[in-house]
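Here is the structure we will look at, set down as structure tokens.
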Amino acid sequence: MKQKSVYAILLFVAASLFNFSCRKSNPDNNGHLQQTKTYSSDVVKRWLGVQLPLLYSPAVSYGVNAGRYMAYCGVACYEAVVPGMPSYQSLYGQLNEMPQMPQTEPGKAYHWPTCANAALAEMTRKLFTFNPATADSVQKLEDELNANYSKEIGDTAIFERSKAFGIAVATAVFTWSTTDHPWSSWPALVLTDHSPGRWWPENNNPTIANGLAYWGDTRTMVAGSIDNVTLTPYPYNDADVTSPYYKDFKEIYDISKNLTHDQKRLAKYFDDPAVKGYPSGASYIPLFKQILEQQNPALDIAAFAYAKTGMSLFDATIGTMKAKFHFMQERPFQFIRRVIEPSTDAATWWKPFIATPAHPDFPANHATFSGAFAQALTTIFGDNVSFTNATYKGQTVDLGNGPEDMGSYSYHSFSEFASAVAISRVYGGIHTRHAVEEGAKLGLKIEQNIDSKVKFRRE
């Protein structure tokens, strides 16, 4: 009798160990779904790594709205894994005209990295069509990760079901993305008002192509995100040297005469098209990747951050471009050449340290972008987060003392980063301080509007 009891206990222990082993290795977990948070965010980082080189497309980069790509990819990634996040919910019914998302099969197991891989592969394939290298890059990473995940899962049904769900989500999100603005109807804007104080391109070409002047009419990700935001440019005044308008432009002139090496480096660090060939504003995507690598969140938080940060960046782009082409305020080079240091000889004209983009001064784009980007990340990771921005480390520039590495910058908070980005535009000579300060407020307000309207977590 005693021997039978011992034998029974041994059988029980062996069976328990076997069941534990199965639960540990089998994603199905005996019929119960594993949550998204049990997986690493490697799949998100890998796809961001593929997308970044695709953005190096100078021939078309000026017309590429990088925030739009990040937003739709982020939402697709989030929707592909949110069924495995019990505390979170779909964004359907919360985002602007977003269609209902595909549903998972009740009681069936899904491998969330496979879902994310399928969704991001499909989104990259369909969105990044401006670069001929897209197809090969997508196929290579998609196949690599699928091979790894298929082996890891060990269950063909779960793998195929997960892959199909990710593709279905991406298809729905991409279809939605095609309706955010009638892209084909974007006409060129032809400027006619050449009066003092009004913006005019430096190349003197009155035709603004690429639909740039109409980015502000794009459908926002969140309805009302750019509403009820007060922007107040200074009243035009080129006669009174004590007026806020005159002093704002005079400050740019004065700073330009005594730029330090550190100010030049900071200005150049965010001169995206000139340094790397990124579209303007696209440097937030490699920085986001670096932040994920340094903070190393699980897949659930990475997907959440991807969607929220992308949405904030995209809507900030829409908000600032809408304001720019409403106010049409002149750039520093115009005021300085006309009022402060007038000259009819183009060879002696005052020039900013970095090239002036072909759109109006007020508000400053990068200040708006960084304000929204920083606030979104702060709501996710907190106020006191140290991180390093090495986006342009390895890139060589000449700031006046010969070629040097752009290096990296370290910050103790996302707001510290946003402040550095904003002031860099003043040092670069392309934005007034008021345009920068109001832009930063605009970006912050847009993200706060998003927070008030969109609930990722269940109540």
Side-chain angles (χ1 to χ4, degrees), residues 55-69 129-131 178 180-220 226 231 233 236 238 249 252 270-275 277-282 314 316-339 342-347 349-369 425 428-432 435 439 442:
L55 287 169
Y56 307 160
S57 186
V60 296
S61 65
Y62 201 75
V64 172
N65 186 333
R68 179 175 182 267
Y69 290 71
T129 54
F130 55 83
N131 193 316
T178 64
D180 63 5
H181 196 82
W183 309 102
S184 60
S185 68
W186 273 1
L189 173 68
V190 180
L191 303 177
T192 57
D193 189 348
H194 213 322
S195 57
R198 298 288 288 182
W199 172 71
W200 197 267
E202 190 169 17
N203 64 7
N204 215 31
N205 184 352
T207 303
I208 313 303
N210 297 319
L212 193 67
Y214 303 97
W215 276 16
D217 296 327
T218 308
R219 179 187 64 204
T220 55
I226 65 173
L231 292 173
Y236 177 77
D238 65 357
F249 286 94
I252 298 297
F270 299 102
D271 188 12
D272 299 328
V275 178
Y278 278 135
S280 181
F314 184 30
T317 305
I318 297 169
T320 186
M321 293 304 286
K322 191 175 188 69
K324 276 180 178 291
F325 283 92
H326 170 72
F327 294 114
M328 293 293 286
Q329 180 172 290
E330 65 183 332
R331 286 280 188 165
F333 77 85
Q334 294 175 260
F335 187 87
I336 292 171
R337 293 175 185 175
R338 186 180 70 254
V339 179
S343 173
T344 56
D345 181 5
W349 278 346
W350 176 89
K351 292 181 176 59
F353 180 66
I354 63 176
T356 301
H359 44 75
D361 176 63
F362 186 92
N365 267 356
H366 263 296
T368 308
F369 299 162
R425 313 312 268 175
I430 64 171
H431 280 297
T432 61
L442 174 62

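All residue numbers in this chain count up from 1 along the given sequence.
Among residues two or more places apart in sequence or in another chain, the side-chain contact (heavy atoms from CB on, under 4.5 Å) test is passed with Pro233 by Phe327, Gln329, Phe362. For the side-chain contact (heavy atoms from CB on, under 4.5 Å) test, residues two or more places apart in sequence or in another chain that qualify with Arg198 are Asp193, Ser195, Met328. Remark: Gln334 pairs with no residue by the side chain to side chain donor-acceptor pair (under 3.5 Å) rule, at least two apart or across chains. The side-chain contact (heavy atoms from CB on, under 4.5 Å) test applied to Ser343 returns Asp345, Thr348, Trp349, not counting sequence neighbours. With sequence neighbours left out, Thr207 forms a side-chain contact (heavy atoms from CB on, under 4.5 Å) with Ala188, Val190, Asn205. Among residues two or more places apart in sequence or in another chain, the side chain to side chain donor-acceptor pair (under 3.5 Å) test is passed with Trp350 by Ser256.
Residues Phe325 and Trp199 are in side-chain contact: their nearest non-hydrogen atoms beyond the backbone lie under 4.5 Å apart. The side-chain heavy atoms of Tyr214 and Ile208, taken from C-beta on, include no pair separated by under 4.5 Å. Considering only heavy atoms from C-beta on, Trp200 stays 4.5 Å or farther from Glu330 through its side chain. With a 4.5 Å cut-off on side-chain heavy atoms, His194 and Asn204 count as touching. In this structure, Met321 and Thr218 have side chains that are not in contact, with every pair of non-hydrogen atoms separated by 4.5 Å or more. Taking 4.5 Å as the limit, some side-chain heavy atom of Leu231 sits within range of a side-chain heavy atom of Pro363. In this structure the side chain of Phe335 never reaches within 4.5 angstrom of the side chain of Asp361, judged on heavy atoms. Residues Thr317 and Arg68 have side chains not in contact (no heavy-atom distance under 4.5 Å, counting atoms from C-beta outward).
For Phe314 and Phe369, the ring centers sit 6.0 Å or farther from each other.
Rounding to the nearest 0.5 Å gives a distance of 6.0 Å between OG1 of Thr320 and CG of Leu442. Rounded to the nearest 0.5 Å, atoms CG (Leu189) and NE2 (His359) are 13.5 Å apart. Ile430 CD1 to Phe353 CZ: the interatomic distance, rounded to the nearest 0.5 Å, is 11.5 Å. Going from atom CZ of Arg331 over to atom CD1 of Ile336 covers 12.0 Å, rounded to the nearest 0.5 Å.
Of all non-hydrogen atoms in Asn365 and His431, the two that sit nearest each other are N-NE2, 4.0 Å. When all heavy atoms of Pro201 and Leu191 are compared, the pair lying nearest together is CD-CD1, 3.5 Å.
Ion pairing of Arg337 with Glu202 is present here, as a side-chain N (NZ or NE/NH1/NH2) and a carboxylate O approach within less than 4.0 Å.
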Show your working on ring-ring contact (aromatic ring centres under 6.0 Å, His included) between Tyr69 and Phe130 and close with a plain yes or no. CA-CA 12 Å; Tyr69 290 71; Phe130 55 83; 5.6 Å; yes
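Put simply, the side chain of His181 gets close to the backbone of Asp217: a donor and an acceptor are under 3.5 Å apart.
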